[in-house]
2 protein chains.
Amino acid sequence: MPSKPSTPITIDAVYDAPGYLFRRMQQIAVSIFMEECKAFDLTPVQYAALIAIHTHPGIDATRLSAVIAFDRSTLGSVIERLQAKDYIERKPAPEDKRIKLLYLTKSGAAILREIIPAVERAQARMLEPLKPADRKALMGLLEQLVDLNNEASRVPLRAEDALEHLGKGG
Amino acid sequence: MPSKPSTPITIDAVYDAPGYLFRRMQQIAVSIFMEECKAFDLTPVQYAALIAIHTHPGIDATRLSAVIAFDRSTLGSVIERLQAKDYIERKPAPEDKRIKLLYLTKSGAAILREIIPAVERAQARMLEPLKPADRKALMGLLEQLVDLNNEASRVPLRAEDALEHLGKGG
DNA sequence: CCTAGATCGTCAGTATACTGTCAATCAACA
DNA sequence: TGTTGATTGACAGTATACTGACGATCTAGG
């Protein structure tokens, strides 16, 4: 394509935009996840929250939002729904009356074990149309890009390591 | 990685999942878009709808949803907001009382011209952390994947070509 | 002790997304 | 022509997302 003095407005201004592709791919990913996991009545977000609570028992909501990079406000209702389904429970923290500690219930631990094969099928299906080498290449580039753009997101990811010094000190 | 008899539940079950990376990247993309375009009070979805209406004057809502692959229900409120901002207008179709034809207003055409540089800055910023060759590689793979997964999404993309025979025949 | 600033969970408001449903309308066919 | 089936826009209900604000609470400094 020759360089153009001013951009002509075509529908390709949408189709070729990275942001549009990211949106489409996210919607496809959610669609596949829900299809594979429809027996479990669990959304991708709820699944991620359960995993994070499983690996960080007693975490509070704000730190949970940093660990999985989800919005703090949104997470409130996610937690509510998980609690309503009896997959998690909230206990007041004795040393800080503001926070509530999150724990998996027996039900929560059980459904997590059961849903994982379905989630893995879903994740595999998302990339299935690509050749194995291309899958690796795409995931590698995407991991890099997400990591390098971390601070550009509203809720930057703060991995476990970054939380060690915050609340677990005792 | 050696093959494991059963999957240990770690936080990497979230971080390494393609679906999680797609979600994060989408959120980062929206965040960058809104930052670059904050002077225009236009969301990514509203921008895409305006472009599509510009390139398909007189399109109806259902076909618009196919052209940009957005959910038909969601699009209803998007159109309402664009109309409230006086960027588009809806006219009843004389030959079919069910549908309403969508057109850009002068305001809509104007803001589209004005916002495009900001959108292009946003799109460039999303990929900026990668080397130019990697940007091309990532976009190429993602285009392939979205295209090959088209039917897996709730609202498959039906490009302009596929619409020619539907409503434009006169 | 007391106050200034930070943090926590929560809430209101807005904007996607998707499911399922509905009345109005149209198209096709007997 | 009359009925069946499909389509259109609209709506209700649920679930992310984000902004901005709030009271309750904690922490630091004086």
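Letters go in sequence order (proteins before strands), and every chain restarts at 1. Because only heavy atoms are used, hydrogens play no part in the values below, and waters and symmetry mates are left out as well, while side chains stay in. Because the structure is a prediction, the values reported are computed rather than measured.
- For B:D71 (side chain) and B:T74 (main-chain N/O), a donor-acceptor pair under 3.5 Å exists by modelled atom type.
- Here A:V30 lies out of heavy-atom contact (under 4.0 Å) with every strand.
- In this model, no donor atom of one side chain and acceptor atom of the other lie less than 3.5 Å apart for B:R125 and A:N149.
- Among the nucleotides C:dA24, C:dG9, D:dA24, the one closest to any side-chain atom of B:R98 is C:dA24.
- Using a 4.0 Å cut-off on heavy atoms, the residues of residues 68-75 of chain A that approach DNA chain C are A:R72, A:S73, listed by number.
- With the nearest nucleotide of DNA chain D identified for both A:S77 and A:D96, A:S77 has the one nearer the 5' end.
- One can place CD of B:E80 at 13 Å from P of D:dG9, the figure rounded to the nearest angstrom.
- Separating the NZ atom of B:K38 from the C1' atom of C:dT14 is a distance of 19 Å, rounded to the nearest angstrom.
- Between A:M34 atom CE and D:dT14 atom P the separation is 14 Å, expressed in whole Å.
- Taking side-chain N and O atoms only, B:T43 has a distance below 4.0 Å to OP1 or OP2 of C:dT16.
- Which of C:dC8, C:dT16, D:dA6 sits closest to the side chain of B:R81 comes down to C:dT16.
- If you take CZ of B:R90 and C1' of D:dG9, they are 8 Å apart, rounded to a whole angstrom.
- When rounded to the nearest whole Å, the span between NZ of A:K97 and C1' of D:dA24 equals 10 Å.
- In this structure, the CG atom of A:L42 is 9 Å from the P atom of D:dT16, given to the nearest Å.
- In this structure, B:E151 contributes its side chain and B:P156 its backbone to no donor-acceptor pair below 3.5 Å.
- Atom-to-atom, CD of B:E95 to C1' of D:dT7 comes out at 14 Å; the value is rounded to the nearest Å.
- In this structure, the side-chain hydrogen bond (donor to acceptor under 3.5 Å, both in side chains) partners of B:K85, at least two apart in sequence or on a different chain, are B:Q46.
- Taking 4.0 Å as the cut-off between side-chain N and carboxylate O, B:K136 and B:E143 do not count as a salt-bridged pair.
- Although no hydrogens or angles enter the test, the distance criterion places no donor-acceptor pair under 3.5 Å between the side chain of A:Q27 and the main chain of B:S153.
- Take the nearest nucleotide of DNA chain C for A:D60 and for B:Q26: the residue whose nucleotide is more 5' is A:D60.
- For the pair B:L101 CG and D:dT7 C1', the computed distance is 15 Å after rounding to whole Å.
- Comparing A:Q46 and B:T62 by the nucleotide of DNA chain D that holds the closest heavy atom to each, the one mapping nearer the 5' end is B:T62.
- In terms of heavy-atom proximity, B:A49 sits nearest to B:V78 at CB-CG1, 4.4 Å.
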